[in-house]
Amino acid sequence: MQSKLTKEEKSWILYDVGNSAFTLLVSTIMPIYFNRLAEDAGLSDVDYLAYWGYAASVATLIVALMGPICGTLADTKGYKKPIFIISLVIGAIGCISLGFAKNWLLFLIIYIIAKVGYSGSLIFYDSMLPDVTANERMDHVSSQGYAWGYIGSCIPFIISLAVVLGSDVIGISTETAMAIAFGITAVWWFAMTLPLLKSYKQKYYVERKPHAIRESFARLGTTLKNVRREKKAFMFLLAFFFYIDGVYTIIDMATAYGSALGFDSTGLLLALLVTQIVAFPFAILFGRMAQKYKAENLITVCIVAYFGIAVFAMFLTSQTQFWILAILVGMFQGGIQALSRSYFTKIIPSNQSGEYFGLMDICGKGAAFMGTAVVGVISQLTGDINKGVGVIAVMFALGIILFKRAAMLPSDRSNDNQTTE
């Protein structure tokens with residue numbers, strides 16, 4: 001297999017480099033800044049963690065409800081790119097607007113809007129994978145996307161971190177420094193998208209019909225019926241729902257969790273920067289290993305590892321342990337996300353990638369909604385943050401069982417009805 005990336009593959013990968021900057025901001029600096037706004041308003045640590053979790057849950061629920069409809073519409077010839085751009089613009093403008101929110105509630109509302117734009121763009125981005133590469137290269141290209149996304153996102157993050165931590169030296173307020181950080185992230189995100197916007201062409205699609213939106217609902221209904229008959233895809237989505245719950249919850253709430261435990265904010269940020277650095281080589285490693293070993297076995301290894309990470313998180317008491325947690329997450333984060341994306345791409349029809357990834361997003365975002373909400377509720381009911389976080393280990397256990405069942409089923413993929421340019 002050719003290892004050199006094509007122009008189309010590189011352009012697709014660059015969007016991972018761009019949007020990952022927002023992901024890193026959301027999982028590091030942003031929760032710490034929200035913690036400050038919450039403290040100024042008199043919120044307790046438990047309530048702060050809960051409200052942050054609820055906001056993440058609302059955003060993911062909105063995308064889960066909209067995703068399949070937009071994804072199905074995007075499969076129509078000429079629609080995928082414009083809808084992708086709309087999602088991108090909403091996310092980038094929302095990111096910039098966060099810098100002007102001084103009230104904790106307003107901040108959360110704008111965060112939800114930005115997160116919806118960001119998450120929506122990923123549905124269309126992921127569904128572009130069959131258009132930019134061949135079937136046998138999907139594991140490799142998907143892993144490269146996550147890998148370069150992890151390391152590339154460190155550039156705007158380090159600049160933003162320098163501005164925020166050095167605000168006193170520069171002579172600006174923390175609020176102004178945060179506004180600059182949000183602006184840097186949004187500009188980086190948009191700039192890294194330009195090559196994809198220039199080079200992308202939708203190769204797999206369904207023909208445009210007079211009533212595209214109505215037809216999209218009809219196709220979505222058909223897909224929902226079909227996916228239950230396609231046992232491998234259905235069982236995978238069920239497994240994905242459970243195991244990705246823990247992955248997304250850890251990404252969304254890692255810094256909020258550490259802050260609620262009273263850990264030093266600078267140490268938390270540096271630890272999560274290490275996560276990105278560690279994730280880079282390991283994402284590439286998993287991509288290369290997928291050429292020698294079955295993706296099913298590698299995904300299973302990642303789920304089992306995350307189960308252990310979730311159990312470890314229950315007993316977190318020191319910042320040193322948080323650093324260990326950050327390194328362990330970095331080792332498996334890229335592998336489980338990249339291989340899940342490419343594995344699913346290979347078991348679905350290419351000309352229906354948008355609607356199938358919309359369904360996958362229901363499972364992913366629906367799980368993330370459940371995970372962050374459960375952490376918030378259990379934390380508030382028990383008054384123990386560790387118990388709230390530990391609950392997600394159950395989701396990984398269920399994910400392991402269901403994924404092993406999915407892996408044993410034969411593939412139902414049929415590409416006989418593909419339409420290409």
Side-chain angles (χ1 to χ4, degrees), residues 22-62 94-116 118-119 160-161 164-165 167-168 173-182 185 248-269 271-272 313-314 316-319 322 325 368-392:
F22 181 77
T23 304
L24 187 54
L25 189 75
V26 168
S27 61
T28 54
I29 299 177
M30 198 181 294
I32 293 174
Y33 182 60
F34 173 67
N35 190 18
R36 175 172 174 166
L37 295 177
E39 284 182 349
D40 291 343
L43 297 180
S44 68
D45 288 339
V46 171
D47 285 338
Y48 145 72
L49 182 66
Y51 289 140
W52 181 255
Y54 296 151
S57 296
V58 170
T60 53
L61 181 61
I62 292 172
C95 183
I96 293 174
S97 300
L98 285 167
F100 300 96
K102 309 304 178 186
N103 172 271
W104 70 271
L105 183 58
L106 177 61
F107 185 89
L108 284 184
I109 292 172
I110 297 175
Y111 163 66
I112 290 172
I113 295 172
K115 188 75 180 293
V116 167
Y118 158 80
S119 300
S160 299
L161 189 61
V164 172
L165 297 181
S167 58
D168 291 338
S173 66
T174 301
E175 289 76 12
T176 301
M178 284 302 304
I180 294 173
F182 291 133
T185 301
Y248 285 161
T249 303
I250 289 172
I251 291 173
D252 285 340
M253 303 194 71
T255 304
Y257 179 45
S259 296
L261 290 174
F263 298 161
D264 174 63
S265 59
T266 302
L268 292 177
L269 295 176
L272 291 170
M314 291 179 62
L316 207 64
T317 57
S318 70
Q319 191 134 346
F322 187 88
L325 183 73
F369 167 80
M370 181 175 66
T372 51
V374 167
V375 170
V377 169
I378 298 299
S379 296
Q380 285 189 311
L381 289 177
T382 64
D384 189 332
I385 300 168
N386 294 74
K387 289 180 180 178
V389 172
V391 170
I392 61 175

Quick one: list whatever passes side-chain contact (heavy atoms from CB on, under 4.5 Å) with I110, sequence neighbours left out.
S97, L98, A101, L106
According to side-chain contact (heavy atoms from CB on, under 4.5 Å), who are the partners of A179, at least two apart in sequence or on a separate chain?
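With sequence neighbours excluded, A179 shows a side-chain contact (heavy atoms from CB on, under 4.5 Å) to no residue whatsoever.
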So, taking the atom named [atom1] in [X] and the one named [atom2] in [Y], what distance separates them when rounded to the nearest 0.5 Å?
X    : Y    : atom1 : atom2 : value
M178 : S173 : CE    : OG    : 11.0 Å
M314 : I392 : CE    : CD1   : 10.0 Å
L108 : I113 : CG    : CD1   : 11.5 Å
L43  : N35  : CG    : CG    : 9.5 Å

List the atom of [X], the atom of [Y], and the distance in Å for their closest heavy-atom pair.
X    : Y   : result
L25  : P31 : O-CD, 4.0 Å
F22  : C95 : CD1-SG, 3.9 Å
V116 : A59 : CG2-O, 3.8 Å
Y111 : V26 : OH-CG1, 3.7 Å

Pairing residues for E175 by the salt bridge (charged side-chain N to carboxylate O under 4.0 Å, His left out) criterion, not counting sequence neighbours
R36
side-chain hydrogen bond (donor to acceptor under 3.5 Å, both in side chains) partners of [X], counting only residues at least two apart:
X    : result
Y33  : none
D47  : S44, Q380
S167 : none

Student check: side-chain heavy atoms of D40 and W104 closer than 4.5 Å
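No, their side chains stay 4.5 Å or more apart.
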